[in-house]
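Everything on this sheet refers to the single structure shown next.
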Amino acid sequence: ILVLDEADRMFDMGFLPEIRRIIRHLPGRRQTLLFSATMPPVIAALARDILNEPASIHIGRKTGVAIGILLVIGPFLATVIRSLLWWERGAANPALSLQNFVNLFSDSRFWQAASNTIICGAGATIVASILGLSLAWAVSRTDMPGRSWFEILNLVPFFLSPYVGAVSWIYLAAPNSGLVPRFLETQLGVSVDTSWLYSLVGVIWVLSLFYTPYVYLFVISPLRQIRN
């Protein structure tokens, strides 16, 4: 089974030659699924080449917009209405009030969580941008040995859950029980403090590793098109 999702996006990012190269190595007898938000001529030609009497499912623009609005507006309105309802003790029915927002913004834990979120987001964005751009440049603009392997390995985190990555780092570098600290302490007699793993630095590091492939995919095609 061959599944091509977001075909128009892959074309925009310059991956159409790679897609055709992969298809050439696949068996002729297979089931192929192609999904695309738009159908430009290039994607239509690709569909004619790789699909045999396909069954097409089209969602009209108006229908798609209406479904999208319903899926977004419905939960949003429910959340807003719920936030404006305030239950007084002993009252049978709730009253419209902004008391929930007053309680929220007067809670110091809210501002601490908001600041931590901003720091993590900004830090992960900066680190992932540096790593993704560096890897894309190394793969597309240099002749370093093994760059074809880097091209594949750079995308591995893209297919893994960040939760799996976080748990893996806990097993790998947790203080006292992590594989790396235990090995260094028992085999080399070196004590390493890895408590940073549970701090904002650790969160930023793990998130950066999983956002790096996104940056890599965005910049690899423009870097390849730059003339020497």
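Throughout, numbering of the chain's residues begins at 1 and tracks the sequence. Heavy atoms only: backbone and side chains are in, while hydrogens, waters and symmetry mates are out.
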Check: Looking only at heavy atoms, what is the nearest atom pair of Arg141 and Leu223, with distance?
Finding: NH1-O, 3.1 Å
Notebook entry, point to check: Under 3.5 Å, is there a donor-acceptor pair between the side chain of Asn116 and the main chain of Leu200?
Noted result: no
Next item on the list: Check step by step if side-chain contact (heavy atoms from CB on, under 4.5 Å) holds for Val167 and Trp169.
Entry: CA-CA 5 Å; Val167 174; Trp169 273 97; over 6 Å; no
Check: Got a second to check how far Ser140's OG is from Ile220's CD1, nearest 0.5 Å?
Finding: 4.0 Å
May I have the list of side-chain donor-acceptor pairs in residues 118-130 shorter than 3.5 Å, sequence neighbours left out?
residue, atom, partner, partner atom, Å
Thr125, OG1, Gly121, O, 2.7
Ser129, OG, Thr125, O, 2.6

Next item on the list: Would you mind reporting whether Tyr216 and Val139 have side-chain heavy atoms less than 4.5 Å apart?
Entry: yes
Note to self: With heavy-atom distances below 4.5 Å as the criterion, would you say the side chains of Leu96 and Trp86 are in contact?
What the structure shows: no
Check: Got Tyr211 and Leu131 here, is their nearest side-chain heavy-atom distance under 4.5 Å?
Finding: no
Margin query: To the closest 0.5 Å, what do you measure between CD (Gln112) and CG (Asp107)?
Written below: 10.0 Å
Next item on the list: Please report the shortest heavy-atom distance between Ala174 and Pro181, naming the atom on each side.
Entry: O-CG, 3.6 Å
Check: Between Ser208 and Ile204, is any pair of side-chain heavy atoms under 4.5 Å apart?
Finding: yes
Checklist line | Non-hydrogen atoms of Asp193 and Ser195 that approach each other most closely | finding: OD1-OG, 2.9 Å
Checklist line | Linked, directly or transitively: Leu77 and Ile69 (ILVMFWY side chains, under 4.5 Å) | finding: yes
Notebook entry, point to check: Would the number of heavy atoms belonging to other residues, nucleotides or ligands and lying under 6.0 Å from OH of Tyr171 be above 12?
Noted result: no
Notebook entry, point to check: Can you tell if the side chain of Thr212 reaches within under 4.5 Å of the side chain of Tyr214, non-hydrogen atoms only?
Noted result: no
Check: Hey, any chance Leu70 and Ile81 share a hydrophobic cluster, counting ILVMFWY side chains that come within less than 4.5 Å of each other, even indirectly?
Finding: no
Note to self: If you define the side chain from C-beta out and look only at heavy atoms, does anything of Trp205 sit under 4.5 Å from Leu197?
What the structure shows: no
Notebook entry, point to check: Going by heavy atoms in the side chains, are Trp196 and Thr194 under 4.5 Å from each other?
Noted result: yes
Check: In Å and rounded to the nearest 0.5 Å, what is the OG to CG distance from Ser168 to Leu209?
Finding: 11.0 Å
Check: Are Tyr163 and Ile170 grouped together when hydrophobic residues (ILVMFWY) are joined by side-chain heavy atoms under 4.5 angstrom apart?
Finding: no
Check: Do Leu26 and Leu2 pass the side-chain contact (heavy atoms from CB on, under 4.5 Å) test, and can you show the C-alpha distance, the side-chain angles, and the key distance before you say yes or no?
Finding: CA-CA 9 Å; Leu26 295 177; Leu2 171 63; 3.8 Å; yes
Check: Among all residues two or more places apart in sequence or in another chain, which pass the salt bridge (charged side-chain N to carboxylate O under 4.0 Å, His left out) test with Arg24?
Finding: none
Check: Are side-chain heavy atoms of Leu84 and Phe101 found at a separation under 4.5 Å?
Finding: yes
Item checked: Closest non-hydrogen atom pair, Ala136 against Val219 -> CB-CG2, 3.4 Å
Check: Any chain of hydrophobic side-chain contacts (each under 4.5 Å) joining Leu104 to Trp111?
Finding: yes
Item checked: Considering all heavy atoms, the nearest Pro175-Tyr198 contact -> CD-CE1, 3.3 Å
Note to self: Rounded at 0.5 Å granularity, tell me how far CG in Asn103 sits from CG in Leu98.
What the structure shows: 11.0 Å
Notebook entry, point to check: Would the number of heavy atoms belonging to other residues, nucleotides or ligands and lying under 6.0 Å from CZ of Phe105 be above 12?
Noted result: yes
